[in-house]
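The structure appears right after this line, and notes come after that.
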2 protein chains.
Amino acid sequence: MMGKPKYKRSRQRERILHLLRGTDIHPTAVWIYDQLKQEFQDLSMGTVYRNLNILVELGLVAKIACGSTFDRFDGNVEPHYHFFCEKCGSVLDLPLEVDESLNRKVEELTNFMVRGHTMEFLGLCDKCSSRQQ
Amino acid sequence: MMGKPKYKRSRQRERILHLLRGTDIHPTAVWIYDQLKQEFQDLSMGTVYRNLNILVELGLVAKIACGSTFDRFDGNVEPHYHFFCEKCGSVLDLPLEVDESLNRKVEELTNFMVRGHTMEFLGLCDKCSSRQQ
DNA sequence: GTTCATGCAAATCGTTTGCACAATG
DNA sequence: CATTGTGCAAACGATTTGCATGAAC
């Protein structure tokens, strides 16, 4: 008893995944809650977080620690790099190709077993940099 | 009135900076608190956090968002990449040289103004990978 | 009918803040 | 003495969890 649970379907979870796959803004849990609140009038944040964690566990969604006090979530689980705008706080995908060879390079330089890497660029996005001074 | 404060010396802040410069374990606030608790018997977490934030603001210390629920701090503010061990949770510095040219590359591919980037490798550290199965 | 999901509210945890008093310059 | 730093305790905000009920299979 008490093995790994075999998740059942849930309308809420399916809608959360669909929402995440349909946007590239790397939403927060609150954003997802606000979107679905209209559809499920008595949705709770507990349900949103529980399902987000399950989706991450299943490898269908990625959690992004963007240096803020809150997390963001990404429906695109293919490796890619991010850009964080230090002015407006937006998180954007970059068209820079992922360099998987870096993983082997680090393994050669260390005794670590490398599974992958993330890279985040910081600065001002197009909108914020054109509005500067 | 109420301009940017001109910070005065404080024994606590100096010791925190000294501690961070003397270790490469990328400590948490609690670790720093525990170290200094012996020296300042009635030290409080508030003081630790306030000083860490000041040191970060002054550019003397870097805050590391390591995907956990808590932050880590780094007395080494020279650009360098990190490795996060997914088993023991340790954060380690990598001898991989920082590729500053990536910043310009991203600027060429986008309309963003890039100030810098961070990169984190994930996997098992030497101790944890040798202990595996 | 057994297991998993939900909403609700309370709990948790890392961090921040208001306040009265001590230290700095 | 004007300003910043401290300890304390309370507040905060994002996330998690216990519980009774509802949905999935």
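Note that the structure is a prediction, hence the values are computed from the model and not measured. Below, chains carry the letters A, B, ... as their sequence lines are ordered, and counting in each starts from 1.
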Taking the side chain as every heavy atom from C-beta outward, state whether A/Ser90 and A/Ile25 have any atom pair closer than 4.5 Å.
no
Side-chain heavy-atom pair A/Asn53, A/Glu57 within 4.5 angstrom cut-off
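A/Asn53 does not reach A/Glu57 side chain to side chain.
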Starting at atom [atom1] of [X], determine the distance to atom [atom2] of [N], rounded to an integer number of angstrom.
X	N	atom1	atom2	value
A/Phe40	C/dT6	CZ	P	9 Å
B/Lys63	C/dT15	NZ	P	7 Å
B/Met45	C/dT17	CE	C1'	14 Å
A/Phe70	C/dG14	CZ	C1'	16 Å
A/Leu55	C/dC4	CG	P	17 Å
B/Lys37	D/dT6	NZ	P	14 Å
A/Leu36	C/dA5	CG	P	17 Å
A/Ile32	C/dT6	CD1	P	14 Å

Tell me what B/Tyr49 touches on the nucleic acid: a base, only sugar-phosphate, or nothing, going by heavy atoms under 4.0 Å.
base
Judged by each residue's nearest nucleotide on DNA chain D, which is more toward the 5′ side, A/Asp71 or A/Tyr7?
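Here A/Asp71 is the residue nearer the 5' end.
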Within residues 9-31 of chain A, the residues having a heavy atom closer than 4.0 Å to DNA chain C are A/Ser10, A/Gln12, A/Arg13
On the side chain of B/Arg72, is there an atom forming a donor-acceptor pair with the base of C/dG14 - under 3.5 Å, no angle test?
no
Could a donor-acceptor pair under 3.5 angstrom be found where the side chain of B/Lys8 meets the base of D/dT4?
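Between D/dT4 and B/Lys8, which were checked side chain against base, a qualifying N/O pair under 3.5 Å is absent.
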Pairs satisfying salt bridge (charged side-chain N to carboxylate O under 4.0 Å, His left out), at least one member in residues 26-42 of chain A, at least two apart
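Non-adjacent pairs meeting salt bridge (charged side-chain N to carboxylate O under 4.0 Å, His left out): A/Arg15-A/Glu39.
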Among [options], which nucleotide has an atom closest to any side-chain atom of [X]?
X	options	result
A/Lys6	C/dC4, D/dC8, D/dT16	C/dC4
B/Thr47	D/dG5, C/dG7, D/dG7	D/dG7
A/Asn51	C/dC19, C/dT6, D/dG5	C/dT6

Ring centroids only, cut at 6.0 angstrom: are B/His26 and B/Phe84 within range, meaning strictly under it?
no
Are the aromatic ring centres of B/Phe121 and B/Phe83 under 6.0 angstrom apart?
no
Ion pair present between B/Glu108 and B/Lys105, side-chain N to carboxylate O less than 4.0 angstrom?
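Between B/Lys105 and B/Glu108 there is no salt bridge, as every charged N stays at least 4.0 Å from the carboxylate O atoms.
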Phosphate OP1/OP2 of D/dT16 contacted by A/Asn53 side-chain N/O (<4.0 Å):
yes
Parallel, tilted or perpendicular, judged at 30° and 60°: which one describes the rings of A/His80 and A/His82?
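A/His80 and A/His82: perpendicular rings.
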